[in-house]
Protein chains: 2
Amino acid sequence: MSIDPLPRVSAVDALVTVLRERILDGDLPAGERLVERELTERYDVARHTLRAALRALQADGLVRIEPNRGARVAALDGEELRELFALRLALEREAAFLALERHDGRLPASVHDAAAELARLAARRRTGWADVAAAHNAVHGAMVAAAGAPRIARAYEALDGELALFTMQLRPVWTRDRLGPDHIALVAAIEQDGPDVLRDHLDEALTALTTGA
Amino acid sequence: MSIDPLPRVSAVDALVTVLRERILDGDLPAGERLVERELTERYDVARHTLRAALRALQADGLVRIEPNRGARVAALDGEELRELFALRLALEREAAFLALERHDGRLPASVHDAAAELARLAARRRTGWADVAAAHNAVHGAMVAAAGAPRIARAYEALDGELALFTMQLRPVWTRDRLGPDHIALVAAIEQDGPDVLRDHLDEALTALTTGA
DNA sequence: GGCCACAGATTGTGGAACAATTCCACACCG
DNA sequence: CGGTGTGGAATTGTTCCACAATCTGTGGCC
């Protein structure tokens, strides 16, 4: 049996978790300066510990550090977003390919279920945008997971965090009605026409994001 | 005009560079323990500085840190290598697709040149394996660069470091004679049949690596 | 042989200090 | 008036030291 390590929380890990949450919640908005003294006082940690956490977040793409000028919450402009989507397509397309290969040309139930859940949530007026966004991420996440390719999944996860940073800023409520049907159709289309249909899907999403901004 | 930042070397950056080189040179073999005291004494830096460097290398996949048990040079087993190759294919296939799209269905001269250079070097008996390996990396690197997708390139670069960690261990001299012709053929095949031919190419390379070990 | 306790080594974190750099306001000068 | 120094406060980058927590290995004991 293979070992699976208990999640032991070092101070640095805890800091990374807390800061990541605050960033993705929008509590720390994109572009916000992260001053060491303020954060060390707030969380009662040593400067080194905080700095280690900031470096970790930088590796995740959530924070940018300029030498001698401090750290800021990352802010993506349109161009960077497009580049990020190119990477996303690379990962997701191959993940879809592998998922199809592993499941005899179909996508597993987990993906279909996630799409159905998204449709259900998005259709209900009372659901908050955050929940819809989470369900949407779950669809794409399920497909990446279905590939059974841990490294692709890991890369996708990091990218997803960065992406959330952006989608949190603007809340494209206008696509909400289409989100459910579109993704059920997407899953079906992938099974029928292959992973390349993701190209159009992501292109469309990118357009929606950039013009909405 | 956009700014381009001078490469300023902090102590941490310098450490990362030096350690990365030593790891990729095989001077620090895979699995080697990296004891903080030894390294701080050798390079005359503070422990925090060294620890920051180790964390950075961990983010690159070159070092693994186990809580309370220290850092080691990463060691990939066969399974991890396969997972890494799945990621590599995802990045490289899409990069090839984009490169073709940007250059009217062909690959740019930089890629052809790199392949030719590889063939030239590999054919000469006197060329060392390290140079052949570098030329080989240059071929794939040129194709990824030709895509004009910075984020894919960045992800590929990190992956490439990890991969070098492995290919440095075993030196598959037996494929050397085929390396040049194979890659010239690969470039032509990509132009003729599309980026999917990379799948077989990388599969073959993976098989060669794992059986050779 | 297997289990336990203990000492030594190593890592994780905190704290203080100082140099280097940036930032900002203000005076100066053509 | 715009551009150029100048000085000081704020912030970051790094060092050194201290100590708790954890791991590792050794030897004794049953």
Side-chain angles (χ1 to χ4, degrees), chain A residues 2-23 28-75, chain B residues 1-20 22-23 28-75:
Chain A
S2 75
I3 58 175
D4 68 311
L6 286 182
R8 303 168 50 161
V9 277
S10 70
V12 177
D13 290 342
L15 256 182
V16 168
T17 304
V18 169
L19 290 177
R20 170 180 286 127
E21 268 177 27
R22 287 188 65 194
I23 291 174
L28 292 171
E32 177 90 343
R33 270 205 75 193
L34 300 173
V35 183
E36 295 182 358
R37 189 179 45 76
E38 293 174 7
L39 293 175
T40 54
E41 284 175 8
R42 169 155 187 173
Y43 296 109
D44 192 33
V45 294
R47 270 182 71 209
H48 302 291
T49 307
L50 173 72
R51 288 167 64 78
L54 290 180
R55 279 175 178 278
L57 288 169
Q58 184 185 36
D60 281 356
L62 294 182
V63 157
R64 303 236 167 121
I65 301 178
E66 291 175 288
N68 289 311
R69 307 180 73 187
R72 295 179 171 279
V73 178
Chain B
M1 197 186 72
S2 75
I3 56 177
D4 66 306
L6 289 182
R8 304 166 49 157
V9 277
S10 71
V12 177
D13 290 343
L15 255 182
V16 168
T17 303
V18 169
L19 290 178
R20 169 180 288 126
R22 287 190 64 194
I23 290 173
L28 292 170
E32 178 90 342
R33 270 205 76 193
L34 300 172
V35 182
E36 295 182 0
R37 189 180 44 77
E38 292 174 5
L39 293 175
T40 55
E41 284 176 7
R42 169 155 186 173
Y43 296 108
D44 193 32
V45 294
R47 271 183 68 208
H48 295 293
T49 306
L50 173 71
R51 289 167 63 80
L54 290 180
R55 279 175 177 279
L57 289 169
Q58 184 186 34
D60 280 356
L62 293 182
V63 157
R64 303 237 166 119
I65 301 177
E66 289 175 289
N68 291 312
R69 306 180 75 190
R72 295 178 171 281
V73 178

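Residue numbering restarts at 1 for every chain, and letters A, B, ... go by the order of the sequence lines.
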List the protein contact pattern of nucleotides 7-20 of chain D with one symbol per nucleotide (5' to 3'): B for base contact, S for sugar-phosphate-only contact, - for none; contact means a heavy-atom distance under 4.0 Å. ----SBBBBBBB--
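Sorted by first and then second residue, the side-chain hydrogen bond (donor to acceptor under 3.5 Å, both in side chains) pairs with a member in residues 65-75 of chain B form an empty list; sequence neighbours excluded.
By the salt bridge (Lys or Arg N to Asp or Glu O under 4.0 Å) test, A:R37 pairs with A:E41, sequence neighbours left out. In this structure B:R64 satisfies the salt bridge (Lys or Arg N to Asp or Glu O under 4.0 Å) test together with B:E80, sequence neighbours excluded. Listed by chain and residue number, B:R47, B:R51 satisfy the salt bridge (Lys or Arg N to Asp or Glu O under 4.0 Å) test with B:E36 (two or more places apart in sequence, or in another chain). Scanning for side-chain contact (heavy atoms from CB on, under 4.5 Å) contacts around B:V18 gives B:R22, B:Y43, with sequence neighbours left out.
Taking atom CZ of B:R72 as the reference point, atom C1' of C:dT11 lies 14 Å away to the nearest angstrom.
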